[in-house]
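Order of appearance sets the numbers: ligands from 1, and atoms from 1 within every ligand. Heads up: numbering here begins at 1 and tracks the sequence.
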Amino acid sequence: MKSKAPIRVAVTGAAGNIGYALLFRIASGQMFGPDQPVALNLIEIEPGMAALKGVAMELDDCAFPLLTEIVQTSDLAVGFKDVDWALLVGSVPRKQGMERADLLGINGKVFVGQGKAINDNAKPSVRVVVVGNPCNTNCLIAMKSAPDIPNNQFFAMTRLDENRAKTQLAQKAGVSVKEVSELCVWGNHSPTMFPDFYNAKIGRLKATDVITDAAWLKDTFVPVVGQRGKAIIEARGASSAASAANAVVDTVRDLCTPTRGDFHSVCVISNGEYGTPAGLITSMPIKVDAIGKWRVVEGIKLTDYAKEKIAASNQELLDEREMAFGQLGLSI
Ligand SMILES: NC(=O)c1ccc[n+]([C@@H]2O[C@H](COP(=O)([O-])OP(=O)(O)OC[C@H]3O[C@@H](n4cnc5c(N)ncnc54)[C@H](O)[C@@H]3O)[C@@H](O)[C@H]2O)c1
Ligand SMILES: O=C(O)C[C@H](O)C(=O)O
């Protein structure tokens, strides 16, 4: 049987912590499936190139049958040449005492250059997933800097937040995490995100019928999910890496696969769905149809409390956009 053409994937920050947890999973077939060859374009800044060489040597030493080529570069035009996917991980992570928004000024300009390089070099069908924080606004900056690539090909990551939220509910209810479904994390990947426990299910029941402690849901669950990244930084002394890489694999795999059953949280371009401000990259529930086209799930009933929380998170995104676009001289 003729083997498939490789999917070419660019990963920025490839020698970083998330990169190290991610690349081996892509090359082993966990992202695109066990019969899909992949080529990896590994992008680093100059000071990261020596470490990147070591990572590439380790990829070689795994003898992955699906890995057809490794490109190592700090040149964005080379790195994004003809890629099908651009996973934008590389950027400075926050340290103890910082909020993700503190990274706006540091990381924002990086995404202008990367957006332009994607626009000029990637396949027109390229799909871009932004992980580097603040990921929603960085994604918006990259999208604005890539005017030839359709807006609906840009995504930022809240799957880690969804996975975290599902585990918190499962542990509270004393059930397996696979019992928890339909849990959308809305808004910004920041402490203002809203994990919508009202619409979540545990088995066939509403989560709120299984976990009847409303105070725990509002006052413990919501902040624990929103502050989980900070808690990991405090515990590990470094930001989440393996769980973040796992969420990248989940995000891309589920964007490539027609959805059967549960929807998932992805930050996408808003067209005003559920009252979200059009033009922002904000997290919503996504399903993928049989021909691979994603859409926002319709018909979810939001409580007044949920609407208030989601509006606050989206207001934070509007503020981030104003600040970042002002600094970078971008127009809305
Ligand atoms: N969205 C999420 O859920 C989520 C989760 C975890 C981490 N993050 C974010 O992911 C980013 C990376 O985290 P990490 O732990 O891998 O950090 P890290 O510091 O370990 O690695 C970052 C790597 O990126 C490289 N880099 C920096 N600027 C670059 C550029 N302009 N082009 C290419 N490479 C560049 C660095 O040399 C480094 O190797 C951080 O911004 C972090 O906050 C997001
Ligand atoms: O919180 C961070 O700064 C890292 C990441 O966004 C996370 O959620 O773990």
Side-chain angles (χ1 to χ4, degrees), residues 10-23 41-56 72-80 86-118 129-139 141-142 155-165 185 187-193 195 224-252 264-267 281 283:
V11 180
T12 68
N17 284 303
I18 296 176
Y20 194 65
L22 175 64
L23 298 174
N41 285 18
L42 308 183
I43 304 175
E44 260 295 344
I45 46 176
E46 249 339 295
M49 289 307 287
L52 185 62
K53 185 173 174 206
V55 175
Q72 301 169 55
T73 186
S74 58
D75 180 338
L76 295 181
V78 174
F80 291 122
L87 310 181
L88 306 186
V89 178
S91 54
V92 175
R94 71 171 162 153
K95 311 284 176 344
Q96 282 195 31
M98 294 168 85
E99 283 303 338
R100 295 187 189 97
D102 297 334
L103 298 174
L104 260 183
I106 308 173
N107 288 332
K109 52 185 172 301
V110 167
F111 289 83
V112 172
Q114 293 183 354
K116 284 185 177 152
I118 290 169
V129 179
V130 180
V131 177
N133 279 318
C135 61
N136 298 56
T137 298
N138 287 340
C139 183
I141 293 168
F155 310 91
M157 193 170 89
T158 38
R159 182 60 174 270
L160 177 55
D161 310 303
E162 178 188 313
N163 290 345
R164 289 167 169 168
V185 172
N188 194 4
H189 174 64
S190 86
T192 67
M193 69 180 83
V224 161
V225 174
Q227 294 286 354
R228 184 72 167 182
K230 184 176 181 200
I232 303 276
I233 292 170
E234 279 164 7
R236 246 172 56 83
S239 86
S240 61
S243 56
N246 179 66
V248 181
V249 173
D250 285 349
T251 302
V252 174
H264 291 292
S265 317
V266 191
C267 308
I281 296 281
S283 186

### Message
For His189, run the side-chain contact (heavy atoms from CB on, under 4.5 Å) check against Val131, Thr158, Ile281, Val130 and tell me which one passes.
### Response
Thr158

### Message
Distance under 4.0 Å to a non-hydrogen atom of Gly16: what atoms of ligand 1 satisfy this?
### Response
20 (O), 21 (O), 23 (C), 39 (O)

#### Entry: Stepwise side-chain contact (heavy atoms from CB on, under 4.5 Å) test for Val252 and Phe155
CA-CA 10 Å; Val252 174; Phe155 310 91; over 6 Å; no

### Message
To check your reading of the model: name the closest protein heavy atom to atom 40 (C) of ligand 1, its residue, and the distance in Å.
### Response
Pro93 CA, 3.6 Å

### Query
Quick one: does Ile232 get within less than 4.0 Å of ligand 2, heavy atoms only?
no

#### Entry: Non-hydrogen atom of Leu52 closer than 4.0 Å to ligand 1
no

### Task
Considering non-hydrogen atoms only, spot the tightest contact between Leu76 and Ala117 and give its length.
CB-CB, 3.6 Å

### Task
Look up atom CZ in Arg159 and atom OG1 in Thr251, then write down how far apart they are to the nearest 0.5 Å.
6.0 Å

### Query
Taking non-hydrogen atoms only, is Asp161 closer than 4.0 angstrom to ligand 2 via side chain, backbone, both or neither?
neither

### Query
Is a side-chain N or O of Arg236 found less than 3.5 angstrom from the main chain of Ser239, in a donor-acceptor match?
yes

### Option nearest atom 34 (N) of ligand 1 (shortest heavy-atom distance, choices Ala238, Ala245, Gly13)
Gly13

### Query
Is Ser239 close to ligand 2, meaning an N/O of one under 3.5 Å from an N/O of the other?
no

### Message
Regarding atom 29 (C) of ligand 1: of the candidates Asp161, Thr251, Ile45, which has the closest heavy atom?
### Response
Ile45

### Query
For atom 18 (P) of ligand 1, what is the nearest protein heavy atom, given as residue, atom name and distance?
Asn17 N, 3.9 Å

### Query
Is it the side chain (CB and beyond), the backbone, both or neither of Met157 that lies under 4.0 Å from ligand 1, heavy atoms counted?
both

### Message
Nearest 0.5 Å, please: how far is CZ in Arg164 from OG in Ser243?
### Response
5.5 Å

### Query
Do any nitrogen or oxygen atoms of His189 come within less than 3.5 Å of a nitrogen or oxygen of ligand 1?
yes

### Proximity to ligand 1 by part of Ser240, non-hydrogen separation under 4.0 Å
both

#### Entry: From CA spacing to verdict: side-chain contact (heavy atoms from CB on, under 4.5 Å), Ser91, Gln114
CA-CA 11 Å; Ser91 54; Gln114 293 183 354; over 6 Å; no

### Query
Out of His189, Gln227, Lys230, who gets a non-hydrogen atom closest to atom 6 (O) of ligand 2?
His189

### Closest protein heavy atom (residue, atom, distance) for atom 36 (C) of ligand 1
Glu44 OE1, 3.5 Å

### Query
For atom 1 (N) of ligand 1, what's the nearest protein heavy atom and its distance?
Val131 O, 3.3 Å

### Task
Please report which non-hydrogen protein atom sits nearest to atom 12 (C) of ligand 1, along with the residue it belongs to and the distance in Å to one decimal place.
Val89 O, 3.3 Å

### Task
Any atoms of ligand 2 less than 4.0 Å from a non-hydrogen atom of Arg164? List them with their elements.
7 (C), 8 (O), 9 (O)

### Region of Arg228 that comes within reach of ligand 2 [heavy atoms, distance under 4.0 Å]
neither

### Message
When you measure from the side chain of Asp161 to the backbone of Val225, do you find a donor-acceptor pair of N or O atoms at a distance under 3.5 Å?
### Response
no

### Task
Quick one: look up the protein heavy atom nearest atom 7 (C) of ligand 1 and list residue, atom name and how far away it is.
Ile18 CD1, 3.4 Å

### Task
Please answer whether the main-chain N or O of Ala241 pairs with a side-chain N or O of Asn17 as donor and acceptor at a distance below 3.5 Å.
no

### Message
Could you report the tightest heavy-atom contact between Gln72 and Ala56, atom names first, then the distance?
### Response
NE2-CB, 3.3 Å

### Query
Can you list the atoms of ligand 1 that are under 4.0 Å from a heavy atom of Ala15?
39 (O)

### Task
Would you mind checking which non-hydrogen protein atom is closest to atom 42 (C) of ligand 1, with the distance to 0.1 Å?
Asn133 ND2, 3.7 Å

### Query
Is there a heavy atom of Gln114 sitting under 4.0 angstrom from any atom of ligand 1?
yes

### Task
Starting at CD of Glu44, measure out to OG1 of Thr12 and round the result to the nearest 0.5 Å.
8.0 Å

### Query
Which protein heavy atom lies closest to atom 3 (O) of ligand 2, and at what distance to 0.1 Å?
Arg94 NE, 2.5 Å

### Query
For the atom pair CE (Met157) and CG (Leu87), what is the distance rounded to the nearest 0.5 Å?
10.0 Å

### Geometric N/O contact Cys135 with ligand 1, under 3.5 angstrom
no

### Message
Keeping Glu162 on the side-chain end and Ser265 on the backbone end, is there a donor-acceptor pair under 3.5 Å?
### Response
yes

### Query
Are the side chain of Asn41 and the backbone of Gly79 linked by a donor-acceptor contact shorter than 3.5 Å?
yes

### Query
What do you reckon, does Gly48 put a non-hydrogen atom under 4.0 Å from ligand 1?
no

## Note on the structure
Output for pair (Asn133 CG, Ile106 CD1), nearest 0.5 Å, gives 11.0 Å

#### Entry: Contact summary for Ala14 and Leu52, nearest pair of heavy atoms
CB-CD1, 3.6 Å

### Query
Are the side chain of Asn136 and the backbone of Ala156 linked by a donor-acceptor contact shorter than 3.5 Å?
no

### Task
Could you list which atoms of ligand 2 come closer than 4.0 Å to a heavy atom of Ser240?
7 (C), 9 (O)

## Note on the structure
Under 4.0 Å from one or more heavy atoms of Gly229, ligand 2 contributes atoms 1 (O), 7 (C), 8 (O), 9 (O)

### Task
Could you list which atoms of ligand 1 come closer than 4.0 Å to a heavy atom of Ala244?
5 (C), 6 (C)

### Query
For atom 31 (N) of ligand 1, what's the nearest protein heavy atom and its distance?
Val110 CG1, 3.3 Å

### Query
Which is it for Arg236 and ligand 2 at heavy atoms under 4.0 Å: side chain, backbone, both or neither?
neither

